[in-house]
**Q** 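Here's a structure for you.
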Amino acid sequence: MLSRILVAVDDSEGGKKAFNIAVAISKKFESSLLIAHIIEEYGTVGHSVVSELEQDSQRILQKYQSKAKDSGLKSSQVNVIEGKGTDVAEKILEIAREDNMDAIVVGGRGKYLSSDSFLLGSTSSKLVHYGGHTIIIVK
């Protein structure tokens with residue numbers, strides 16, 4: 001059923017809510033939980049900015065890994081992964097395919113809001129339209 005859950009977090013309110021739902025699902029079904037944070041790469045970003053983004057990503061992943069364990073999930077149930085790519089949704093789907101995830105949980109709106117994604121964030125919208133997995137969008 002839902003034995004492998006991927007939750008994508010970005011430290012936004014939507015990401016925090018998605019994480020809480022993913023933890024609840026993992027506890028209910030005794031599923032493994034993969035916590036992912038994707039660094040969006042831009043061609044014009046310098047090395048020092050990338051280094052800061054990587055440090056921030058590690059901080060975010062450690063925080064959520066600790067929260068998952070504090071919630072009662074076993075260490076063996078919780079893993080983290082940092083991804084990099086020019087398209088966050090594409091990278092999430094790639095990770096989900098490679099790790100044979102049953103479901104993907106994301107927030108409806110991420111950390112960086114854009115005007116072209118008025119009702120639903122662009123990442124969650126792409127996941128719904130192009131993903132071959134169960135997609136749970138948390139508002």
Side-chain angles (χ1 to χ4, degrees):
M1 188 186 280
L2 294 176
S3 61
R4 299 179 56 77
I5 308 294
L6 168 66
V7 60
V9 295
D10 62 1
D11 228 14
S12 66
E13 282 306 310
K16 291 172 187 175
K17 290 176 183 177
F19 171 79
N20 291 333
I21 294 295
V23 166
I25 293 168
S26 292
K27 287 169 81 171
K28 179 170 178 63
F29 293 103
E30 297 181 5
S31 309
S32 65
L33 180 65
L34 179 59
I35 305 165
H37 180 260
I38 311 302
I39 297 172
E40 196 163 9
E41 294 181 320
Y42 297 101
T44 58
V45 174
H47 176 72
S48 62
V49 173
V50 170
S51 180
E52 283 183 43
L53 291 172
E54 289 171 345
Q55 289 175 3
D56 191 45
S57 179
Q58 288 302 309
R59 179 191 58 76
I60 290 168
L61 289 171
Q62 287 173 353
K63 177 177 85 172
Y64 281 106
Q65 185 174 33
S66 292
K67 284 184 173 194
K69 291 176 184 174
D70 290 346
S71 76
L73 291 176
K74 299 174 194 156
S75 293
S76 60
Q77 285 179 270
V78 181
N79 290 298
V80 298
I81 188 167
E82 177 184 272
K84 295 179 185 173
T86 56
D87 186 304
V88 174
E90 193 174 290
K91 190 65 182 178
I92 291 169
L93 290 172
E94 179 184 314
I95 292 168
R97 278 191 302 274
E98 289 174 359
D99 291 333
N100 298 316
M101 293 289 123
D102 296 314
I104 300 170
V105 183
V106 295
R109 304 283 291 180
K111 192 172 186 177
Y112 304 104
L113 304 177
S114 64
S115 60
D116 64 339
S117 55
F118 183 67
L119 297 176
L120 193 63
S122 60
T123 298
S124 52
S125 179
K126 286 179 186 177
L127 290 172
V128 168
H129 287 93
Y130 302 112
H133 299 80
T134 298
I135 310 292
I136 301 168
I137 299 175
V138 181
K139 302 245 344 153

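Just so you know, these numbers use all the heavy atoms, side chains as well, and skip hydrogens, waters and symmetry mates.
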**Q** Give the minimum heavy-atom separation between Ile25 and Leu2, together with the two atoms involved.
**A**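 Closest heavy-atom pair between Ile25 and Leu2: CG2-CD1, 4.1 Å.
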
**Q** Rounded at 0.5 Å granularity, tell me how far CD1 in Ile39 sits from CD in Glu82.
**A**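 So the CD1 of Ile39 and the CD of Glu82 are separated by 3.5 Å.
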
**Q** Check for me whether Lys67 meets the cation-pi criterion with Tyr64, that is, NZ or CZ under 6.0 Å from the six-membered ring centre and within 45 degrees of the ring axis.
**A**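 Yes, a cation-pi geometry.
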
**Q** Hey, does the side chain of Ser71 reach the backbone of Ala68 with a donor-acceptor pair shorter than 3.5 angstrom?
**A**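 Checked: pair present.
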
**Q** Assess whether side chain to side chain contact (heavy atoms under 4.5 Å, CB included) is satisfied between Gln65 and Lys69, documenting all intermediate values.
**A** CA-CA 6 Å; Gln65 185 174 33; Lys69 291 176 184 174; 3.8 Å; yes

**Q** State whether the number of non-hydrogen atoms from other residues, nucleotides or ligands found under 6.0 Å of Lys74 atom NZ is greater than 12.
**A**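 Atom NZ in Lys74 is not packed in, count stays at 12 or less.
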
**Q** May I ask you to say whether Glu94 pairs ionically with Arg97, meaning some side-chain N is under 4.0 Å from a carboxylate O?
**A**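 Answer for the salt bridge query: no.
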
**Q** May I have the step-by-step check of side chain to side chain contact (heavy atoms under 4.5 Å, CB included) for Leu6 and Asp99, ending in yes or no?
**A** CA-CA 9 Å; Leu6 168 66; Asp99 291 333; over 6 Å; no

**Q** Quick check: closest heavy atoms across Ser31 and Gln77, and the distance to 0.1 Å?
**A**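 Ser31 and Gln77 have their closest heavy atoms at O-NE2, 2.9 Å.
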
**Q** Which distance, rounded to the nearest 0.5 Å, do you find between the CD1 of Ile35 and the CD1 of Ile81?
**A**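 Ile35 CD1 to Ile81 CD1: 12.0 Å, rounded to 0.5 Å.
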
**Q** Count the heavy atoms belonging to other residues, nucleotides or ligands that lie under 6.0 Å from NZ of Lys17, then report whether that count exceeds 12.
**A**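 Check fails, neighbour count at 12 or below.
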
**Q** Just to verify, which of Leu93, Ile95, Leu34, Val7 counts as forming a side chain to side chain contact (heavy atoms under 4.5 Å, CB included) with Ile104?
**A**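 With Ile104 as partner, Leu93, Ile95, Leu34, Val7 yield a single side chain to side chain contact (heavy atoms under 4.5 Å, CB included), made by Leu93.
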
**Q** What's the separation between atom CD1 in Ile137 and atom CD1 in Ile21, rounded to the nearest 0.5 Å?
**A**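 So the gap between those two atoms works out to 13.0 Å.
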
**Q** On a heavy-atom basis, which atom in Gly108 and which in Ser124 lie closest, and how many Å separate them?
**A**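 Of all heavy-atom pairs spanning Gly108 and Ser124, the closest is O-OG, 3.2 Å.
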
**Q** Between Ala89 and Leu127, which heavy-atom pair has the shortest distance, and what is it?
**A**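 Scanning both residues completely, I find the closest heavy atoms to be O-CD2, 3.7 Å.
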
**Q** Which pair of heavy atoms, one from His37 and one from Asp10, lies closest together, and at what distance?
**A**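 Nearest pair, atom of His37 first, then Asp10: CD2-CA, 3.8 Å.
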
**Q** OG of Ser125 to CD1 of Ile135: how many Å apart, nearest 0.5 Å?
**A**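 Between atom OG of Ser125 and atom CD1 of Ile135 there are 11.5 Å.
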
**Q** Find the distance between CD1 (Ile38) and OG1 (Thr86) and round it off to the nearest 0.5 Å.
**A**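 Answer rounded to 0.5 Å: 11.5 Å.
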
**Q** Below 4.5 Å, heavy atoms only, C-beta onward: do Asp11 and Lys63 meet side chain to side chain?
**A**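 Yes; the side chains approach each other to less than 4.5 Å.
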
**Q** Please indicate whether Glu30 has more than 12 foreign heavy atoms, meaning atoms of other residues, nucleotides or ligands, lying under 6.0 Å from its CD.
**A**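 Open: at most 12 neighbouring heavy atoms sit under 6.0 Å from CD of Glu30.
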
**Q** Could you tell me which non-hydrogen atom of Leu33 sits nearest to which non-hydrogen atom of Ala22, and how far apart they are?
**A**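 Closest pair (atom of Leu33, atom of Ala22, distance): CD1-CB, 3.8 Å.
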
